[in-house]
**Student:** 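Please read through the structure below; I'll follow up with questions.
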Amino acid sequence: MRHHMSGRQLSRNTAHRHALLRNLAIALLRYETIRTTVPKAKELRRVVEPIITLGKSDNIAARRRAFAKLRDEALVEKLFTDVGPRFKARAGGYTRILKMEPRPGDSAPMALVALVDKPQAKTEAAPAPEAEKPKRARKTAAAPKEAEAEAAPAKKPRRKKAAA
């Protein structure tokens, strides 16, 4: 019996489970939105939220603890310069789990795991779409073909033969 044993085993031994959760945490912090199964998403939340809490206070001890968990210098830098300050005012609950359709192959319940606050710099810096400008028609050899196609009579669509 597993009395007082917290956490899901996820059908893996300890080393494989720790490696899986580290890789999922790295992917979530790097891409800020990932797709995984619901049980993995719920376990990932227990791993990522303390790491983001570390990123809120930028000191050498916190950076070393984050590096011990993530083992990626560029990601630790992103955690302390981008992700941590973004969640400075939030007391917890940095991730959101949205359930999706089951996976086609084995019907495993799937979820979308995302960081709650989107980066503001990326949304403001995005240029406005240029849908207002009408595109100029090119003067190419295709123009005479279009004129010929309009002048030619339209062909009747073929009918399918009825099954006997």
Side-chain angles (χ1 to χ4, degrees), residues 1-138 140 142:
M1 286 186 252
R2 297 187 70 237
H3 294 300
H4 297 286
M5 303 279 289
S6 65
R8 293 167 180 81
Q9 288 185 349
L10 300 174
S11 299
R12 287 162 172 83
N13 63 26
T14 306
H16 189 183
R17 185 170 55 249
H18 288 311
L20 168 77
L21 292 173
R22 172 182 287 166
N23 288 333
L24 285 173
I26 288 170
L28 180 63
L29 291 173
R30 181 172 290 142
Y31 302 113
E32 299 187 3
T33 301
I34 61 170
R35 183 173 162 247
T36 185
T37 61
V38 173
K40 287 178 191 173
K42 289 180 178 180
E43 276 303 301
L44 175 62
R45 182 176 45 195
R46 295 181 62 205
V47 172
V48 168
E49 300 222 355
I51 294 173
I52 294 174
T53 303
L54 278 177
K56 289 166 59 173
S57 62
D58 190 4
N59 56 40
I60 193 70
R63 282 182 178 260
R64 286 177 177 167
R65 288 179 60 196
F67 182 76
K69 296 272 187 186
L70 299 174
R71 306 303 294 176
D72 187 348
E73 289 180 13
L75 198 57
V76 171
E77 184 65 28
K78 179 182 178 181
L79 175 69
F80 284 93
T81 59
D82 180 34
V83 178
R86 215 187 321 162
F87 292 109
K88 199 77 162 175
R90 186 179 283 269
Y94 312 117
T95 57
R96 173 182 294 133
I97 298 175
L98 301 171
K99 294 185 179 175
M100 300 173 61
E101 294 179 352
R103 188 162 50 200
D106 58 354
S107 283
M110 297 301 286
L112 193 73
V113 184
L115 297 180
V116 174
D117 292 337
K118 295 289 180 188
Q120 295 174 351
K122 290 182 182 177
T123 57
E124 292 174 4
E130 297 182 16
E132 297 87 21
K133 280 193 206 176
K135 293 188 177 182
R136 274 181 56 185
R138 288 186 174 180
T140 61

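Quantities reported herein were computed from a predicted structural model and do not represent experimental measurements.
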**Student:** Under 6.0 Å from the CZ atom of Arg12, do we count more than 12 heavy atoms belonging to anything else shown?
**Tutor:** yes
**Student:** Given side chain to side chain contact (heavy atoms under 4.5 Å, CB included), test Ile26 with Arg30 step by step and report yes or no.
**Tutor:** CA-CA 6 Å; Ile26 288 170; Arg30 181 172 290 142; 3.8 Å; yes
**Student:** Are any of the side-chain heavy atoms of Asp117 and Phe87 separated by less than 4.5 Å?
**Tutor:** yes
**Student:** Within the supplied structure, the quantity of interest is the number of heavy atoms (other residues, nucleotides, ligands) at a distance under 6.0 Å from Arg17 CZ; does it exceed 12?
**Tutor:** yes
**Student:** So which heavy atom on Glu49 is nearest to which on Tyr94, and how close?
**Tutor:** OE2-N, 3.3 Å
**Student:** Where do Ala25 and Val47 come nearest, in terms of heavy atoms and distance?
**Tutor:** CB-CG1, 4.3 Å
**Student:** What verdict does the side chain to side chain contact (heavy atoms under 4.5 Å, CB included) test give for Leu21 and Arg46, after you've listed the backbone C-alpha separation in whole Å, the side-chain angles of each residue and the deciding distance to 0.1 Å?
**Tutor:** CA-CA 10 Å; Leu21 292 173; Arg46 295 181 62 205; over 6 Å; no
**Student:** Does a salt bridge link Lys40 with Glu43, judged by any charged N lying under 4.0 Å from a carboxylate O?
**Tutor:** no
**Student:** Looking only at non-hydrogen atoms, find the nearest pair between Pro85 and Leu79 and report the distance.
**Tutor:** CD-O, 4.2 Å
**Student:** In this structure, are over 12 heavy atoms from other groups packed under 6.0 Å from Arg90 atom CZ?
**Tutor:** yes
**Student:** Do any N or O atoms from the side chain of Lys69 and from the backbone of Ile51 form a donor-acceptor pair under 3.5 angstrom?
**Tutor:** no
**Student:** Could you please spell out the steps behind the salt bridge (charged side-chain N to carboxylate O under 4.0 Å, His left out) verdict for Glu32 and Lys78?
**Tutor:** CA-CA 11 Å; Glu32 299 187 3; Lys78 179 182 178 181; 3.5 Å; yes
